[in-house]
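Throughout, a chain's letter reflects where its sequence line sits, starting with A, and its residues are numbered from 1.
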2 protein chains.
Amino acid sequence: MATESLVEEFSLTELDRKAIDTTRVLAADAVEKVGNGHPGTAMSLAPAAYLIFQKHLRHDPKDPNWIGRDRFVLSPGHTSLTLYLQLFLSGYGLEMEDIEALRTWGAKTPGHPEVGHTAGVEITTGPLGQGLASAVGFAYSQRRMRGLLDPAAEAGTSPFDHTVYVIASDGDLQEGVTSEASSLAGHQELGNLVVIYDDNKISIENDTDIAFTEDVLGRYDAYNWHTQRVDWTVTGEYVEDMAALDAAIRAAKAETSRPSIIALRTIIGWPSPTKQNTGGIHGSKLGTEEVAGLKKVLGFDPEQSFHIEDEVLAHAREVVTRGAALHESWNETFNAWKSANPEEAALLERLQAGELPEGWTEKIPTFEPGSTMATRAASGKVINAIADELPELWGGSADLAGSNNTTIDTAKSFAPERRSTDSWDTSPYGRVLHFGIREHAAASIVNGIVLSSPTRAFSGTFLIFSDYQRPAIRLAALMGVPSIFVWTHDSIGLGEDGPTHQPVEQLASLRIIPNFDVVRPADANEVAYAWRGMLELTDTPSGIVLSRQNLPIYDRSAAGFRGAEGTLKGGYILAEAVLDGTEVTPDVILLATGSEVELAVEAREELATKGIAARVVSLPSFEWFAKQDAAYREEVLPEAITARVSVEAGVAQGWRELVGSAGEIISLDHFGASADYKKLYSEFGITTEAVVAAAQKVVK
Amino acid sequence: MATESLVEEFSLTELDRKAIDTTRVLAADAVEKVGNGHPGTAMSLAPAAYLIFQKHLRHDPKDPNWIGRDRFVLSPGHTSLTLYLQLFLSGYGLEMEDIEALRTWGAKTPGHPEVGHTAGVEITTGPLGQGLASAVGFAYSQRRMRGLLDPAAEAGTSPFDHTVYVIASDGDLQEGVTSEASSLAGHQELGNLVVIYDDNKISIENDTDIAFTEDVLGRYDAYNWHTQRVDWTVTGEYVEDMAALDAAIRAAKAETSRPSIIALRTIIGWPSPTKQNTGGIHGSKLGTEEVAGLKKVLGFDPEQSFHIEDEVLAHAREVVTRGAALHESWNETFNAWKSANPEEAALLERLQAGELPEGWTEKIPTFEPGSTMATRAASGKVINAIADELPELWGGSADLAGSNNTTIDTAKSFAPERRSTDSWDTSPYGRVLHFGIREHAAASIVNGIVLSSPTRAFSGTFLIFSDYQRPAIRLAALMGVPSIFVWTHDSIGLGEDGPTHQPVEQLASLRIIPNFDVVRPADANEVAYAWRGMLELTDTPSGIVLSRQNLPIYDRSAAGFRGAEGTLKGGYILAEAVLDGTEVTPDVILLATGSEVELAVEAREELATKGIAARVVSLPSFEWFAKQDAAYREEVLPEAITARVSVEAGVAQGWRELVGSAGEIISLDHFGASADYKKLYSEFGITTEAVVAAAQKVVK
């Protein structure tokens, strides 16, 4: 349903042209009023954006969440007006007063587009590169959804076929994350991805020749993309040849075996009389005189601001009627699909409701105590145990599948069939993702997947490389999308690979990202609950932090021990203070996470022999614990017990809040080293003995 | 002096071949002994590494810091044995016992190469992409040093001409930071950069076809690189055609107007009998049987381990004699240059001593109180004021020059002359860097510059985009190189651009990187001292965090106020408690950084009217403050005064340690919004009134 264009032949009416020019003038007005913003590209991209929204994008402004819609991603979020003005023209609910309120408190038109805040915005963009990289994820999820729900349909006939349109800027094309994601897009042969690259040759430091002289389309050829060039300066004059752009978009859509990029040569800020084609018009208001000049050039009344002719608006808003018709016709196809595929239809209904299947938690394994298991291994077992029950769950690693334990063993890999290797059997509808050594794109793509579909995707890498993913993690948190990040090799416990690979500050640095939940389970059974907790999150991304080394599986029936379900509360009494076989009020509380819980548990026993009653609190997730009510938190960490010791093989930051001024923090505030991990723990003083000594100190 | 090869004609003797095979066997032995590591590429890259170290690299193993040497960067640090074994063969001081000690506590042979730890290691590598990206910085600094010291010399005749050799892996080529840096390298026409890409088509998930099918050399053509392919599988057999590789290296060196990449098709782990060409040999020991098999194939005694024939070692170590001769002949050129260029020679001497010029601090401006100035503006003024005095200082922005205030106004831009634009006058020896919209490469390149030369380089971007740079920042800290990062737009104070651009958790997340110093000055005069402090650091990278908005310049002669020199101590009494015109013991201490110091200062006045004596402590650098002695810290933050309030427009994490359990933290623990910054401060409760109220609360 997605490959053909909406209209047979391209044509633009006078009203179309007027609508385009009106958006240019409104862009200038809006930035002028608030005094800051980015008018330049909003002016020069107005024709391309109008063409997409009016002639190509299959959308229904009255139902911005219609699952059959095409998607539009504005990667250079700073030119948010480009999008806002099309949403205004198309009838998404933005009105002139919203344009007037640009970049002010509470407005639907913030500086950068924010998904969930403004109807019609598909993704929050601004940090360059993220939009295009996540758009690759949009294209992934389209193919996966089709594979889940309607795999046998011929190309272009499924209600789940749609096109992802992207506008990208010079900045997007320079960012490394775009390179990573674009290489994957070519590899994946994402024929439903159409990128219009605004090749305006101007960025903030003016002429991009100062730093960006590569052959962009040559690079995209090398990535296996379909490349085209539309040069509006080719005549020597600036002529916005809309027919040429339209033809290129049609050709891009007709090419279904590769993603497409169209380098569209524009002049930024055109036709602003004196500021077009300068870096100055990128991020500053034009000034009264220049705005007036612009209006004159375009035949608008320089005395009028925030004005659109009724006829122009009515014409543009015909997209509502067309959208309704498209939606209606899609409904027929969709209903036919529903009738023919009741099982898939039920699955879709569940996914759209954001529900997990009834009884799914029964599939989550429990692990017998008495043995040891790396939490990464437990994580792999959990994923595989629930995979059949949760077809929406998919993911993979940035070339560390075996180390991250992120492979669903029974599933095919997500890639065109010709990409199969000796190790991996591929299918375009596969479920195991292979990101290559591209951690940043992995995170951006997962964000795009989770944002644009009701599937749940995860990516895996070593915890240390969360540093590479941070911009994408932050955007997931800001957007409130439940991406899942699997991070293994979570401390000096990885041993010999040494300080370049040993996370020290990563745990603390991830915990401070607002609306991002970090979970570091202490044993295999905490891992099981951690996955449950993460999958139950609907508007918060999360990361699970896992050990390379084996850890004991605690016997929850031993004296003082409690069940692993406390994991869901983020922090819980793993082992109550016990003296002479009886639970007693603790003299001291030992707090720990992950692999260091073992040290706390051993210290508790050692302290008991000295007559000191120690409670062990496992704190897999600071964020989940903070969400509990005060009574529960007081139960776990009673205010009266100020004798507290924390132990974690990472920087101290964050622990003072939990242990208080009187508490002791056993931490690692320097880089690691290359050696056997037991040697490292011992050399760096992160030991049972250190916990015992600290406990004795604070109990005094 | 750098472009010709060391030998006229290529030839390899039997001893050369034996030396190469010995390194393969030793690689297998070393990993086998410790039980983990990466033998595969150490085996298959042995010929290429030997060829570089024995036939091309101009080096003197007895003086690893010889400034005339060529540089070698092993980007895939996991194959550290590739380097260690050449350092062993070349006579850098590594002996067989060091190879035997691989990856153990205290060894000179850690899991990944660490600069400063092992003689001959030029850069710490491991996190993929960083080595190659920083190698681009190596090539930058070579050109800059030449420009500073010997600009008129003909190509290849200066003692400051040298070649940068890089071995890079599939992983390096996939990472986005490499794409960014490679695009810049082509733009900069870095003719002295020679990259050998180990195109072995295997990574951890086995056949790279599962995720990496782009045309790598096509991409590098698009970046304006000189590209060559040497395929050792071309005959159908695996033939290590060293003459072909040698010829390609010669051709790469002969091409002086572009960087070169040679795609060398190897078979990982060759000639391991059953594990060659598998992901399994990448990161695991071979096993006893396979090691024995390898030795048999190569004609070695399977019973012997860690053995090298004396004759082979002696042959390989002839590089010491050759190196001494090269160094000697270079000394002649160098001495001639010294005599002819006494001024430049004095500069070089100062730089090599790691000293700043005498009296340079007199050039640092002071700013008159009474007006307001954004700290970013003050930073730009400081940079420009000291630029003439410090020719070693250079840097620029990731396309935000005007916003970051990072431009040395009187200097040319660093780029080939043909890259000049209307805005920027370029010279290959220029001093203003333009990274384009490539924050990550900017940081990696600055690391490479500072690591490979005694110059001091800085990069600029918005603070929010420090997230993109984090892997490189961490490596700078781990290596102990004094890179400088300029980060502006440091809080919600940037206003309308909204939450995608407003740092909230970045300050805290940067403070927790070990050996990294963050400085957030409160006014223009603190900025001046901040730059002084950063430039005086010799083995610690640092970041200066600057406001977009104007801030008051404090009148240090007002009642209670102290001088800005306290900035150098990281924290100091900016304004002592004053009641009725007299300095008194404070009732409460108000702690703040950067723009929020203004709120503390206003609160102090307000509190005085209520009879509460408040001291304001400005804490521009937590790290510098922590380095002060206990007595000084007690003077600033007396233990007895537990009534403390902190205010910073970022997450609370980190402040509890300073304000104590009884203190109040005014922070921002959620994302920002798009509006005028004053509105944001007010809506988010980061106000003078909030500080006053918190102070009243804690004083009670």
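When the candidates B:Gly498, B:Gly171, B:Gly402, B:Gly495 are compared by the number of heavy-atom contacts under 4.5 Å with chain A, B:Gly171 comes out ahead. Most heavy-atom pairs under 4.5 Å with chain A, from the set B:Ser466, B:Ala652, B:Ser397, B:Ala662: that is B:Ser397. By number of non-hydrogen pairs under 4.5 angstrom with chain B, the leading residue of A:His117, A:Arg418, A:Gln130 is A:Gln130. Counting heavy-atom pairs closer than 4.5 Å to chain B, the top residue among A:Gly436, A:Ala107, A:Gly126, A:Pro471 is A:Pro471. Annotation: maximal heavy-atom pairing with chain A below 4.5 Å, among B:Leu478, B:Asn515, B:Asn224, occurs at B:Leu478. Heavy-atom pairs under 4.5 Å with chain B peak, among A:Val177, A:Asp399, A:Val651, A:Thr421, at A:Asp399. Annotation: maximal heavy-atom pairing with chain A below 4.5 Å, among B:Pro127, B:Gly186, B:Gly654, occurs at B:Pro127. Among A:Ser179, A:Gly660, A:Ala401, A:Gly218, the residue with the largest count of heavy-atom pairs under 4.5 Å with chain B is A:Ala401. Heavy-atom pairs under 4.5 Å with chain A peak, among B:Trp424, B:Phe212, B:Tyr220, at B:Trp424. Between chain A and the options B:Ala415, B:Pro110, B:Ser203, heavy-atom pairs under 4.5 Å are most frequent for B:Ser203. Highest contact tally toward chain B, considering only A:His187, A:Gln469, A:Arg511, A:Arg219, is held by A:His187 [criterion: heavy-atom pairs under 4.5 Å].
Contact record, A:Ile512 with B:Ala508: CD1-CB, 3.7 Å, taken as the closest heavy-atom pair. Minimum interatomic distance between B:Glu214 and A:Ser183 (heavy atoms only, all atoms of both residues): OE1-OG, 2.6 Å. Between B:Tyr468 and A:Leu128, the shortest heavy-atom distance links the atoms OH-O, 2.8 Å. The heavy-atom pair separating B:Ala675 from A:Thr104 by the smallest distance is CB-C, 4.0 Å.
In this structure, B:Ser509 and A:Arg470 have side chains that are in contact, with non-hydrogen atoms separated by less than 4.5 Å. Looking at B:Asp207 and A:Asp422, their side chains never come closer than 4.5 Å, going by heavy atoms from C-beta outward. By the 4.5 Å heavy-atom criterion applied to side chains, A:Thr426 and B:Ile210 are counted as neighbours.
Checking each of B:His38, B:His78, B:His112 against A:His501 for a ring-ring contact (aromatic ring centres under 6.0 Å, His included) leaves exactly one that passes, namely B:His112. Only one option out of A:Arg438, A:Glu180, A:His440 pairs with B:Glu175 in a side-chain contact (heavy atoms from CB on, under 4.5 Å); it is A:Glu180.
Taking OH of B:Tyr223 as the reference point, atom CG of A:Asp215 lies at 11.0 Å (rounded to 0.5 Å). Here the CD-CD1 distance, from A:Gln506 to B:Ile513, works out to 8.0 Å after rounding to the nearest 0.5 Å. Distance check, rounded to the nearest 0.5 Å: CD of A:Glu189 to OG1 of B:Thr213 gives 7.5 Å. Note that CD of B:Glu205 is 10.0 Å distant from CZ of A:Phe435, once rounded to the nearest 0.5 Å.
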Stepwise side chain to side chain contact (heavy atoms under 4.5 Å, CB included) check, A:Thr125 with B:Thr500: CA-CA 7 Å; A:Thr125 50; B:Thr500 55; over 6 Å; no
Side chain to side chain contact (heavy atoms under 4.5 Å, CB included) between A:Ile437 and B:Leu173: does it pass, once the steps are laid out? CA-CA 9 Å; A:Ile437 299 143; B:Leu173 275 290; over 6 Å; no
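Proximity to chain B (any heavy atom under 4.5 Å) is restricted, for A:Leu184, to the side chain, taken from C-beta onward. For a residue to count as touching a neighbouring chain, one of its non-hydrogen atoms must lie under 4.5 Å from one of that chain's; by this rule A:Phe465 touches chain B with the side chain only. Residue contact with chain B, scored on non-hydrogen atoms closer than 4.5 Å, involves the side chain of A:Ala673 exclusively. At a 4.5 Å heavy-atom cutoff, the contact between B:Ile665 and chain A is made by side-chain atoms alone. With a threshold of 4.5 angstrom between heavy atoms, B:Ile464 approaches chain A through side-chain atoms but not through N, CA, C or O. Contacts between A:Leu102 and chain B at a heavy-atom distance below 4.5 Å are absent for every atom of the residue. Both the backbone and the side chain of A:Ala477 have a heavy atom closer than 4.5 Å to some heavy atom of chain B. Using a 4.5 Å cut-off between heavy atoms, B:Gln188 does not touch chain A at all.
B:Asp209 places no side-chain N or O within donor-acceptor distance of the main-chain N or O of A:Arg419, the cut-off being under 3.5 Å. The backbone N or O of A:Arg656 sits nowhere less than 3.5 Å from a side-chain atom of B:Glu657 that would complete a donor-acceptor pair. One N or O on the side chain of B:Ser661 and one on the backbone of A:Ser661 form a donor-acceptor pair closer than 3.5 Å.
Residues in residues 496-506 of chain A take part in these salt bridge (charged side-chain N to carboxylate O under 4.0 Å, His left out) pairs, two or more places apart or across chains: A:Glu496-A:Arg548, A:Asp497-B:Arg103, A:Glu505-B:Arg474.
Looking at B:Ser423 and A:Asn206, their side chains do bring a donor and an acceptor atom within 3.5 Å of each other.
Looking at residues two or more places apart in sequence or on another chain, you find a salt bridge (Lys or Arg N to Asp or Glu O under 4.0 Å) between A:Lys679 and A:Glu683.
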